[in-house]
**Q** 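Have a look at this one.
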Number of protein chains: 2
Amino acid sequence: MGATKTDHFTDKHNAIATLAKALGHPARVAIIDYLLSVDTCICGDIVNKLPLAQPTVSQHLKELKNAGLIKGNIEGNAICYCIDEKAIVRLQTYFSGISGKLEKKKTDCC
Amino acid sequence: MGATKTDHFTDKHNAIATLAKALGHPARVAIIDYLLSVDTCICGDIVNKLPLAQPTVSQHLKELKNAGLIKGNIEGNAICYCIDEKAIVRLQTYFSGISGKLEKKKTDCC
DNA sequence: ACTTAATATTGCAATATTACGATAAATATA
DNA sequence: TATATTTATCGTAATATTGCAATATTAAGT
């Protein structure tokens, strides 16, 4: 089939999966990394930093935006993309939550 | 084409993407959640907790294992799966790193 | 209005993922 | 050894993703 059965899972699980999926491609991780490294947000040169054609980069940016990881503003004939801190914090909280629970368990049977 | 150009990205970006991709499906997030909630690691009943058939669950477990998020041991005719703490810590560190850098920047132009 | 520059969209081919029925493999128990 | 139980694998259909050339859109400058 190929279609994920999102209906059958909790909102929380779907939300984490959506964010994680958006970062499930090295190009998109690289984009986040790049956005983090630049001070100015005129980000047209992301294309130059990646080994991908412009339409492909544009598509990756769209996916990051749809997932809520980045936000963008039109800025003349350039676009300003920024990381959306809320999404990062959500992921950070999620993983530190798991980490904390694992510490408490300490039944490392495997 | 459909094939990710992993060759062209850094190992760090590929590593994060691999972990994130593994969590890019609600069923796999749910599996992690479940593994976290049980004390005993006899995990055959993951199938009962998910709205998916047994082969599908088995496949998701395999992907989580390949990505390094869980590890498993054969335990009689049951399998014991556990979360691999190292992977969680790696993700936690990654996201808190981003969060920290964002705090320092504070050039939220979008 | 015309041109230039930057980004987005469309269309399409190649590949990957998701899901499951059928079946196999492995192990425990009778 | 035969049977039940549990997990894995195979085969296959449906859908999604990735990547890019061609084209469209948008806004700035001339």
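Every heavy atom of this structure was used, including side-chain atoms; hydrogens, water molecules and symmetry mates were not. This structure is a prediction, so every number in the text was calculated from the model and none was measured.
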**Q** Could you give the CG-to-P distance, from A:Asn48 to C:dA6, as a whole number of Å?
**A**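 Result: 9 Å.
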**Q** To the nearest 0.5 Å, what is the distance between NZ (A:Lys71) and NZ (A:Lys86)?
**A**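 Here the rounded value is 5.5 Å.
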**Q** How long is the line joining NZ of A:Lys49 and C1' of C:dT7, in whole Å?
**A**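 Taking NZ of A:Lys49 and C1' of C:dT7, I get 19 Å after rounding.
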**Q** The criterion is ring-ring contact (aromatic ring centres under 6.0 Å, His included); which residues satisfy it with B:His13, sequence neighbours excluded?
**A**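 ring-ring contact (aromatic ring centres under 6.0 Å, His included) list for B:His13, sorted by chain: empty.
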**Q** Let me spell it out: for each of B:Pro51 and A:Lys65, pick the nucleotide of DNA chain C with the closest heavy atom. Which residue's pick is nearer the 5' end?
**A**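 Between the two, 5'-proximity favours A:Lys65.
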**Q** With respect to the side chain of A:Leu52, which nucleotide from D:dG19, C:dT18, C:dC20 is positioned closest?
**A**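 For the A:Leu52 side chain, the nearest candidate turns out to be D:dG19.
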**Q** What is the distance, to the nearest angstrom, from the CG atom on B:Leu50 to the P atom on C:dA19?
**A**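 To the nearest whole Å, that distance equals 10 Å.
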**Q** Between protein and nucleotides 8-11 of chain D, what N or O pairs are separated by less than 3.5 Å?
**A**
residue	atom	partner	partner atom	Å
D:dA8	OP1	B:Tyr81	OH	2.7
D:dA8	OP2	B:Ser58	OG	3.0
D:dA8	N7	B:Gln54	NE2	2.8
D:dA8	N6	B:Gln54	OE1	3.0

**Q** Side chains of residues 47-64 of chain A: which donor-acceptor partners sit under 3.5 Å, not counting sequence neighbours?
**A**
residue	atom	partner	partner atom	Å
A:His60	ND1	A:Arg28	NH1	2.9
A:Glu63	OE1	A:Arg28	NH1	3.2

**Q** Pick out which of A:Thr18, A:Ile31, A:Ile88, A:Leu35 makes a side chain to side chain contact (heavy atoms under 4.5 Å, CB included) with A:Leu69.
**A**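 The single option meeting the side chain to side chain contact (heavy atoms under 4.5 Å, CB included) with A:Leu69 is A:Ile88.
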**Q** In this structure, how many angstroms lie between the P atom of C:dA19 and the CZ atom of B:Arg28, rounded?
**A**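 Between P of C:dA19 and CZ of B:Arg28: 8 Å.
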**Q** Without decimals, in angstroms, what is the distance between B:Leu64 CG and D:dT7 C1'?
**A**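 For the pair B:Leu64 CG and D:dT7 C1', the rounded distance is 16 Å.
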**Q** So how far is it from A:Ile16 CD1 to A:Ile98 CD1, rounded to the nearest 0.5 Å?
**A**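 Reported value, rounded in 0.5 Å steps: 8.0 Å.
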**Q** Calculate the interatomic distance between B:Phe9 atom CZ and D:dT18 atom C1'; express it in whole Å.
**A**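 Result: 11 Å.
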**Q** What donor-acceptor contacts under 3.5 angstrom involve side-chain atoms of residues 89-97 of chain A, with partners at least two apart or in another chain?
**A**
residue	atom	partner	partner atom	Å
A:Gln92	OE1	B:Ser99	OG	3.0
A:Thr93	OG1	A:Val89	O	2.7
A:Ser96	OG	A:Gln92	O	3.1
A:Ser96	OG	A:Thr93	O	3.2

**Q** Among residues at least two apart in sequence or on other chains, which ones pass side chain to side chain donor-acceptor pair (under 3.5 Å) with A:Asn14?
**A**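 Partners of A:Asn14 by the side chain to side chain donor-acceptor pair (under 3.5 Å) criterion come out as none, since no residue qualifies.
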**Q** Rounding to a whole Å, what distance do you find between B:His60:NE2 and C:dA16:C1'?
**A**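 Nearest whole value for this atom pair: 14 Å.
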**Q** Could you state the interatomic distance from CG (A:Leu36) to NZ (B:Lys101), rounded to the nearest 0.5 Å?
**A**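 Interatomic distance, A:Leu36 CG to B:Lys101 NZ, rounded to 0.5 Å: 5.0 Å.
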**Q** Within the 4.5 Å heavy-atom criterion, are A:Leu23 and B:Leu19 side-chain neighbours or not?
**A**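 No, their side chains stay 4.5 Å or more apart.
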**Q** For DNA chain C, what residues of residues 11-27 of chain A have any heavy atom nearer than 4.0 Å?
**A**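 Of all residues in residues 11-27 of chain A, none places a heavy atom under 4.0 Å from DNA chain C.
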